[in-house]
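To keep things clear, I will list the structure first and then write my remarks on it.
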Amino acid sequence: MSANHIDVQESELRLFPGLDEEVADTLRATKTAAADSRPRLVDTTMLFAPRSGGVKRYLLSKKAWLEGHRPEVAHNLVVPGAGYRMEPDGVVRLHAPKLPFGDGYRWPSSVRRWGAWVSSLNPSLIEAGDPYTPGQGALEAGQRVGCPVVGFCHSDPAALAALHFGEWAKKPVEKRWARLFSQFDRVVSPSRFIAQRLEEAGVGGIVIRPLGVEVDTFHPDRRDRDWLLKKLGLGADARLLCFAGRPAKEKNVGVLIDAVQRLGAPYHLVLVGAGAGMPPEDRVISLPYEKDPRAVARIIASCDAFVHANDKEPFGLIVLEAMACGRAVVGVNSGGVAETVDESVGQLAVSADPVDYAAAIEALFARDVEALGAAARVKAVEQFAWNRVFEDLTMLYGELTGKAEFLTPREMLPIN
C-alpha cells in the first residue's frame, strides 16, 4: 500500500489547542517516514516509561537488532510521552496524562486518536504490546491501513486485577482481555504459562515466542564481588542474594524479605529498585533504580545468586539477564520462571510461601553455586540470545506480511 493512500488529517490528532504546533510537526515527521518504501513494523504500547522493565527492554532490543540485521525493514515505536514528538531513532511520543502512583506510566485517552497516529506511519505490520488504549488503537489502525496486527501478551491483566482489587475483578477483566486478543491476527505469548491462560480465556491463534537477553551486556565479566561488598559494607563471608525490578505487589518482594530473615546470617538480600518506599529491614539492602543495564548487570553478576518469588510471572526477563551474568537462580515452581529455571541452573521453591522459599535458598547453597551459574550462562546464550529470538519472531512477521525483507538479511536479498 502506498503512503499516499493513508490520509490522516491533523484535525484527528489534536488534543489541546496549545499543542497544535507539536502535533503538526510530529505529523509531518510521521508522514515523511511513511514515504519510505521499505516495509514498516510499528510497535505500540503504553508499557514504556522511564522505569519500565521487560517490555521496554524487549522493544529497544528489537529496534537495535532490526537496524543491524534487517536494515531493509523500517521500524517505529509509538509510545506515551509528556508531549508530541518523533525522535531521531524513530520513537514517536504522544501526549498522555500520567497515572497517579503509576511510577511514570501514562494512560492515553483516545483509541481513535492513537489509531490515527499509528496509521500515519503507513505500517506493513503492527505489534501491540498491551490490551489497553494502544492495543485497541493498533486494531483500528490495522483495519484502516489494511495490514496484519499482532498482539504480544506480556501480562495477565485478569490475575493482576484479582491481586490488586480482589477476585471479583478477575472475570470482567478476563472477558475484556479475551475479547480484545481474539481480534488480533496472531497472539504472541512469551511462555506456555501465558499461552494456557489465553486458551482458558478462549483466545486462539497463539504462538509461543520467548523473550531474550543481551548476552554481551549481561555477562559474567561484569562480576566484581569485592567492589559490591565494600559498597554494601559487608564482609567476605556474606552470601548476597539479589533481586532487581519494580516495587510491584505481584513481585512478592515480601516473600524474599521474610525468607532472608528466617535464614539469618550469612544471607543478605540486595534489592535494586524493588525496595523503593519500603521501611528498613534487617539483612535487606535497598539500592536505587538503575537506568543503565550495564550497572544492573554489574550488581547482579557481583552477587552470589538471583532470587525471584513471583509465582505468576508471565516470563521473567530479569531472570534471563541474571542467568546471562552467570548467576544461579532461585524461583518458584509456577508461572513463566519455572519454564526457564530448572535444577541445572538453579532451584525452584515448592511455593511462594516464605518457609518453602527459604528452604529452596538453602538447597541451592548446598550445591555448587558457581557451577550452576556457569550452566545458567550457557543456557542463556544458547537458547535465549536476542539474535535467536528475533530470527524466530521475524519469521512470523514474514509469514503474516508476505514480505521477504522480514525473513532475510540485506546481503541475501535479490538485487532488483
Side-chain angles (χ1 to χ4, degrees), residues 41-49 52 54-56 58-59 76-80 92 94 96-97 99 102 105-119 121 123-165 167-209 211 250 312-315 336 393 396-397 400-401:
L41 168 65
V42 175
D43 275 287
T44 186
T45 185
M46 61 169 278
L47 304 176
F48 199 98
S52 290
V55 177
K56 184 176 182 180
Y58 157 69
L59 292 173
N76 293 97
L77 306 181
V78 179
V79 297
V92 180
L94 305 181
L99 281 168
Y105 284 93
R106 297 174 179 272
W107 192 288
S109 58
S110 171
V111 170
R112 187 177 298 276
R113 189 158 42 240
W114 198 272
W117 275 111
V118 173
S119 298
L121 287 160
S124 305
L125 176 72
I126 304 167
E127 181 174 298
D130 66 58
Y132 310 114
T133 301
Q136 297 168 62
L139 287 167
E140 288 207 0
Q143 291 181 344
R144 179 169 180 171
V145 177
C147 74
V149 185
V150 172
F152 201 124
C153 189
H154 289 282
S155 65
D156 181 350
L160 291 175
L163 177 67
H164 290 279
F165 304 110
E167 283 296 321
W168 65 268
K170 184 174 182 177
K171 277 296 178 186
V173 172
E174 184 175 81
K175 287 181 179 178
R176 184 179 178 280
W177 180 51
R179 186 166 57 248
L180 183 77
F181 271 97
S182 294
Q183 296 177 61
F184 291 114
D185 294 284
R186 289 287 191 285
V187 176
V188 178
S189 168
S191 63
R192 294 190 301 275
F193 171 67
I194 288 295
Q196 182 177 347
R197 286 289 298 116
L198 287 162
E199 289 169 352
E200 291 169 353
V203 178
I206 303 165
V207 294
I208 298 175
R209 294 290 185 275
L211 296 175
E250 63 270 17
K312 295 181 177 61
E313 179 66 60
F315 181 76
L393 193 59
L396 174 65
Y397 296 162
L400 288 170
T401 62

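Side chains are part of it too, since the values below use all heavy atoms of this structure and drop only hydrogens, waters and symmetry mates. Bear in mind the structure is a predicted one, so any value in this text is a computation, not a measurement.
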Taking the side chain as every heavy atom from C-beta outward, state whether D43 and V78 have any pair of such atoms under 4.5 Å apart.
no
Can you measure from CD (E199) to CZ (R192) and round to the nearest 0.5 angstrom?
12.0 Å
Do L99 and M46 come within less than 4.5 Å of each other through their side chains, counting heavy atoms only?
yes
Nearest 0.5 Å, please: how far is NZ in K56 from NE2 in H154?
14.0 Å
Straight-line distance of I208 CD1 to Q196 CD, nearest 0.5 Å:
10.0 Å
Do you know the tightest heavy-atom contact between E127 and L393?
OE1-CD2, 4.5 Å
For the residue pair A201 and A178, what are the closest heavy atoms and their distance?
O-CB, 3.2 Å
Close side-chain approach of L400 to L125, heavy-atom, < 4.5 Å
yes
Can you find a pair of side-chain heavy atoms, one from Q136 and one from W114, that are under 4.5 Å apart?
no
Step through it carefully: locate the ring centre of F193, locate the ring centre of F315, and say whether they are under 6.0 Å apart.
no
Does the plane of the ring in F181 sit parallel, tilted or perpendicular to the ring in W177? Use 30° and 60° as the thresholds.
perpendicular
Please examine the side chains of P123 and L41, heavy atoms only from C-beta on, and report whether any two atoms are closer than 4.5 Å.
no
Using every non-hydrogen atom in the two residues, find where V92 and L94 come nearest and quote the distance to one decimal.
CG1-CD2, 3.8 Å
How many angstroms lie between atom CD of E140 and atom CD1 of I126, to the nearest 0.5 angstrom?
11.0 Å
L59 versus T45: any side-chain heavy-atom pair under 4.5 Å?
yes
For G115 and A141 the tightest heavy-atom approach is O-CB, 3.4 Å
Straight-line distance of S155 OG to L47 CG, nearest 0.5 Å
6.5 Å
If only atom types and distance count, is the side chain of S189 paired as donor or acceptor with the main-chain N or O of A195 below 3.5 Å?
yes
Checking side chain to side chain contact (heavy atoms under 4.5 Å, CB included) for the pair L139/F184: CA distance, chi angles, key distance, verdict?
CA-CA 7 Å; L139 287 167; F184 291 114; 3.6 Å; yes
Compare every heavy atom of S191 with every heavy atom of P314, then report the nearest pair and how far apart it is.
O-OG, 2.6 Å
Distance (rounded to the nearest 0.5 Å) between F152 CZ and T44 OG1:
15.0 Å
With the side chain counted from C-beta on, respond yes when P80 and P108 share a heavy-atom pair under 4.5 Å apart, and no when they do not.
yes
Can you see which heavy atom on V149 is nearest to which on A138, and at what distance?
CG2-O, 3.7 Å
Taking side chain as C-beta onward, heavy atoms only, is D185 less than 4.5 Å from V150?
no
